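By convention in this document, chain letters (A, B, ...) are assigned in the order of the sequence lines, proteins followed by strands, and residues within each chain are numbered from 1. All of these numbers come straight from a predicted model, not from anything done at the bench.
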Amino acid sequence: MIARLLSSRGPIVAILLLAVALALPFLSDSTYLRHLMILVFIYGIVAASWDVTLGYTGIFNFAHTAFFGLGVYATGLLAKLGGLDPWASMLLGSVLVAGIAALVAWPVVRLQGIYVVLVTFAFSQLALQFVISQSDLTGGTQGLVRIPTIQLPGYNFLRDYKLGYYYVGLALLGLSVLGLQILVRSDFGLSLRALRDNEDYARARGIPVARQRLKALVASAFVAGLAGGFYAVYLRVASPEVFSFATTSLILSMVLVGGVGTLWGPVLAAVVLTLGSEALANVRGLDEGRHMLVAVAMILALRFLPGGLISALLPRRGAPDRAARPTVQGPTTP
Amino acid sequence: MTLDALATVLVSGLVMGSVYALMASGLSLVWSTLGIFNFAHGALMTLGAYLAWTLAGSGVLGLPPWIAMLVAVALVAAVGVLLERLLIRPFYGHRAMLLVTVMTTLAATVFLSKGIQLVWGPRLKELPALAPGNVSILGTSISAQEALIVGVAPIVLGALWAFLRFSSTGRGIRAVGQNPQAAQLIGIDVPRLFAIAFALAAALAALTGILIGSVRLVTPSLGDEPLIKALIIVIFGGLGSMAGTIWAAYLIGLAEALLVFTIGIYWAPSTLFLLLILVLVLRPQGLMGKVVR
């Protein structure tokens with residue numbers, strides 16, 4: 001496994017990026033920059049885990065932002081109303097999200113093409129309506145406020161200009177991407193890609209289609225739920241905005257701009273798009289307009305950069321490898 | 001349930017069903033012609049309502065409501081042509097056209113709805129009613145506007161059916177939907193018909209949006225919730241079948257009215273979704289649909 005991980009150029013880039021990320025708080029003690037980087041870590045995790053279902057498995061999963069949002073609310077509610085320790089809430093919240101994902105996946109993995117999009121999309125909008133309607137519990141459109149924050153014995157996370165959150169976020173990102181990397185390179189991950197590239201042949205070779213897809217959905221939802229949990233204890237508010245079309249398209253644009261079927265691409269794009277989008281939010285009159293720009297970026301990426309940023313930055317060695325690196329695609333095309 | 005309550009449920013179900021039928025028929029038309037699902041349909045509804053507001057009496061230009069509605073529908077149809085040109089046409093023949101166009105139309109939704117918020121602001125707008133006053137159906141009093149919706153929907157849907165069945169353009173659209181290559185071979189201008197189908201669906205969206213806006217208020221999120229209902233409807237009805245979709249629209253409208261009456265407005269959407277999941281587990285191609293391509 002280690003040898004296989006080291007055999008590509010990915011780890012070198014990863015280690016470089018990690019070094020920069022580790023050193024960043026020492027280069028600048030700007031709270032705002034740290035805040036932006038923490039958002040990058042969170043969105044990076046969500047985008048990379050989405051790519052496991054969308055890119056590697058070829059499931060047309062449009063419920064991923066909802067899994068993230070449910071993670072935010074599950075952790076927030078467990079910590080605030082359940083009185084659970086926030087660390088435990090994050091973990092339990094993600095497990096809950098994974099359970100919900102399994103329930104949604106049950107019909108979804110048996111469907112084809114557009115029906116997968118429709119059901120996952122309808123699910124995510126119903127999750128939003130549910131959160132808004134249960135306002136006694138969730139605060140409705142006002143959102144859930146004053147979520148307790150994570151603590152370590154002897155250390156207050158509110159100190160040191162967000163330094164603690166920064167490193168927890170970075171660690172979560174590192175662990176998530178490493179975990180997902182191991183997942184997609186395992187035999188399990190291979191079977192997922194086999195399903196995506198040739199479902200009939202994979203089935204004929206004895207791969208249980210529905211079960212593998214269900215596992216992939218549950219795994220990626222768990223990671224998204226974890227990111228949501230960290231988002232809740234970091235920002236200390238949960239707002240229905242996390243379920244919106246705008247959030248979905250922001251994270252989807254990270255997957256597309258970064259490159260479908262890679263893990264580091266979406267993380268890289270999370271850096272560019274989060275910093276860009278937040279910088280524009282400070283320009284007067286662009287608060288709504290920046291979402292429009294993200295939408296345009298997404299369309300342009302689909303049109304002109306089908307392999308994503310990563311294909312432009314990291315030219316792959318051989319032609320066969322390039323062929324194995326997919327652009328946007330799915331199990332069945334009409 | 002008393003007879004009065006039953007009448008109330010029936011009438012409100014009929015109103016909702018009519019709105020859903022108009023909306024879902026546009027989605028179904030685009031699907032069966034171009035083979036894509038247009039997520040921007042809800043945003044086009046909202047755009048139609050705002051344009052009508054700007055054109056009509058309460059807005060800037062002060063046109064009579066009927067004229068304002070027709071102009072707004074025509075403008076949104078033009079936006080539809082533009083969207084097809086920019087978001088759909090570049091991806092014809094793409095091996096994942098279905099998924100890519102889901103994404104581009106999703107991006108269009110965000111672009112349009114944020115643009116609408118920028119132009120018209122977050123404040124609620126009131127569209128002048130096309131038909132003022134109240135009427136009584138089955139002993140239930142509803143606004144004439146709602147009665148108008150119930151009356152207009154079958155006429156519009158009938159006209160759409162006749163257009164697709166008898167006019168040469170409509171037959172061309174169906175031919176392209178069934179087999180684009182063969183249609184091209186016999187000299188049909190496929191891209192032109194794709195654009196016409198998309199524009200027609202956009203016009204239907206605008207009309208639906210204006211009708212909804214005239215019974216509720218016009219807000220930037222006007223089209224969001226109906227879009228979700230329309231998703232459920234096209235899954236129930238089977239996307240490719242226009243008739244199945246329309247039946248499903250009325251069925252879901254009635255079921256929703258019944259659920260709202262019995263278990264309340266908060267739980268009705270979730271219950272509908274659970275029903276949908278059950279249907280999908282038993283019949284993955286939709287209640288009335290055929291196997292998808």
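Here A/F121 is the residue among A/W106, A/F121, A/F130 with the most heavy-atom pairs under 4.5 Å with chain B.
Looking at heavy atoms from C-beta onward, B/V190 lies out of side-chain contact with B/Y92 at the 4.5 angstrom threshold. A 4.5 Å side-chain heavy-atom check between A/Y43 and A/L273 finds every atom pair outside the cut-off. At least one side-chain heavy atom of A/L263 sits under 4.5 Å from a side-chain heavy atom of A/V52. The shortest distance between side-chain heavy atoms of B/T33 and B/L193 does not fall below 4.5 Å.
Proximity to chain B (any heavy atom under 4.5 Å) is restricted, for A/T248, to the side chain, taken from C-beta onward. Contacts between A/V116 and chain B at a heavy-atom distance below 4.5 Å are absent for every atom of the residue. Contacts of A/F62 with chain B are made by side-chain atoms alone, with heavy-atom separations under 4.5 Å and no backbone atom involved. With a threshold of 4.5 angstrom between heavy atoms, A/F245 approaches chain B through its backbone and through its side chain. Contact of B/L272 with chain A is not made at all, since no heavy-atom distance falls under 4.5 Å. Only the side chain of B/L227 comes within contact range of chain A, with heavy atoms under 4.5 Å apart. Proximity to chain B is limited to the side chain of A/L126, based on heavy atoms less than 4.5 angstrom apart.
Side-chain contact annotation: A/H64 with A/S49, donor-acceptor N/O pair under 3.5 Å present. B/W120 and B/T54 are linked by a side-chain donor-acceptor pair at a separation below 3.5 angstrom, with hydrogens and angles left out of the test.
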